[in-house]
Protein chains: 2
Amino acid sequence: MSSDTTKEKIIQAANDVFILKGMDGARMQEIADEAGINKALLHYYFHSKEQLFKEVFYGILSKLIPGLILIFKGEGSLPDKIEAVVAEYDSFMFRNPFLPQFVIREINRDPDQLSGFMSDKGLDFELVEKMINKAVEAGTIRQITFPHLFANLIGMIVMPYIGRPLFQRKLFKNDPVKYDEFLRERRVVITYFIKQAMIC
Amino acid sequence: MSSDTTKEKIIQAANDVFILKGMDGARMQEIADEAGINKALLHYYFHSKEQLFKEVFYGILSKLIPGLILIFKGEGSLPDKIEAVVAEYDSFMFRNPFLPQFVIREINRDPDQLSGFMSDKGLDFELVEKMINKAVEAGTIRQITFPHLFANLIGMIVMPYIGRPLFQRKLFKNDPVKYDEFLRERRVVITYFIKQAMIC
DNA sequence: AAATAGTTTAACCAAATGGTTAAATTTGCA
DNA sequence: TGCAAATTTAACCATTTGGTTAAACTATTT
């Protein structure tokens, strides 16, 4: 097997371990084990934990951002775009259920790096902000500023993933199947909720 | 000064350090320094970090829960209660801005303990759930289940605190004063948002 | 004054952990 | 075949950190 494959095995293993245990909780030895190699070789490819973490973390994020940008810049009415963003975002979280926690940790660990990365990837909110403001002025949607709408949207999407261990216990008698059903309902519930709240 | 005062100094110091750096990031030495004592004395009062952490964490939570229960069990219409919960919750977060992150960490670290604690404190959601279901049946509010409403509510309230380092940079040009203004607007925005979404 | 609890000092311990090293071995490729 | 890169082995290092210990000192109480 080529060196590329080994590197990929490492990244895959790091992915799993990091996303389950976070940067602090992850052990280099465990990542090596998970990848089926030894610690020396791990450091042969990634000279530090920090470097490995960044490659994994920003690797995942890189997969999410293009979809969002496409939606923002694409055709369609504002409500349609909101619906699409919710769908895209939520399905991504469903496939990467530990990502929100992961992002939160990074938001508080190195916000400049994360912020810069988003800019590099071409994700900026000015377009969207203008779009919202224009719709408000035109009377298409109720009065709201972009930051508030953004916080509402992301908060509603992300909360069930962040709070799962508690929510599942308190609201679903700790039944994971029921909780997954609940998660699958979120997309349509959130979309509906936002539309009712925003559209006059 | 009595031993009680020293214990309180420790708890206060631990509060500050834990809430800024989390359980993992906090150092016993730093807590001792912050309390103006030395490590030996710190362990004289709290024999382990774990024990100290729990006293601090559940100490804070204990202050939040009674207010919520009062609202749930008190008089008033459902919309009024929702408004009151948002106000109570949000003002608590504003006074303890690092609490949400703190809770999230604990949710994922020891969910059983946290869940049990809430039950002990008399916080259960069955009443609220019934109240919501009844209102839906009566047609007072639009069709929604309690878990969804709960996730929406908490998500919207908590998100701006969790995501602050990033949001402030991306949406407010990293201006902390502007961000505090934004936070102060949240209560009314969220209340309004929820009411528009829920009330027919 | 004597006893008790609170507090300091300062050294120490054990475990965990990220990272290094050097030599030996295997594999892929020119 | 022979060279270079990939991989293993296994020991080792430095640092951090939670926690301990014992002796001495101080304040409080009885």
**Study point:** Sugar-phosphate only, base, or nothing, as touched by A26(A) at under 4.0 Å among non-hydrogen atoms
**Key:** sugar-phosphate
Whole angstrom value for the distance that separates [atom2] of [N] from [atom1] of [X]:
X: L52(B); N: dG19(D); atom1: CG; atom2: P; value: 10 Å
X: K21(B); N: dT17(D); atom1: NZ; atom2: C1'; value: 14 Å
X: Y44(A); N: dT20(C); atom1: OH; atom2: P; value: 15 Å
X: E30(A); N: dG19(C); atom1: CD; atom2: P; value: 16 Å
X: M28(A); N: dG19(C); atom1: CE; atom2: P; value: 5 Å
X: K39(B); N: dT16(D); atom1: NZ; atom2: P; value: 13 Å
X: Q29(A); N: dA11(D); atom1: CD; atom2: P; value: 14 Å
X: H43(B); N: dG6(C); atom1: NE2; atom2: C1'; value: 17 Å

Review point. Q12(A) and D16(A): side-chain donor and acceptor closer than 3.5 Å?
Key: yes
Review point. Which residue lies toward the 5' end of DNA chain C, A40(A) or I37(B), if each is placed at its nearest nucleotide?
Key: I37(B)
Please check the phosphate of [N] (OP1 and OP2 only) for any side-chain N or O of [X] closer than 4.0 Å.
X: T6(A); N: dT7(D); answer: yes
X: R27(A); N: dG18(C); answer: yes
X: N38(B); N: dT9(C); answer: no
X: Y45(A); N: dT7(D); answer: yes

Check your understanding: What is the ring orientation for F102(B) with F53(B), classed by angle as parallel under 30°, tilted 30 to 60°, or perpendicular over 60°?
Key -> perpendicular
Point to revise | Whether F117(A) and Y58(A) hold their rings parallel, tilted or perpendicular, with breakpoints at 30° and 60° | key: tilted
Review point. Tell me, do F167(A) and F150(B) make a side-chain contact under 4.5 Å, heavy atoms counted?
Key: yes
Exercise for review: For the residue pair M156(B) and F193(B), establish whether any side-chain heavy-atom pair is separated by less than 4.5 Å.
Suggested key: yes
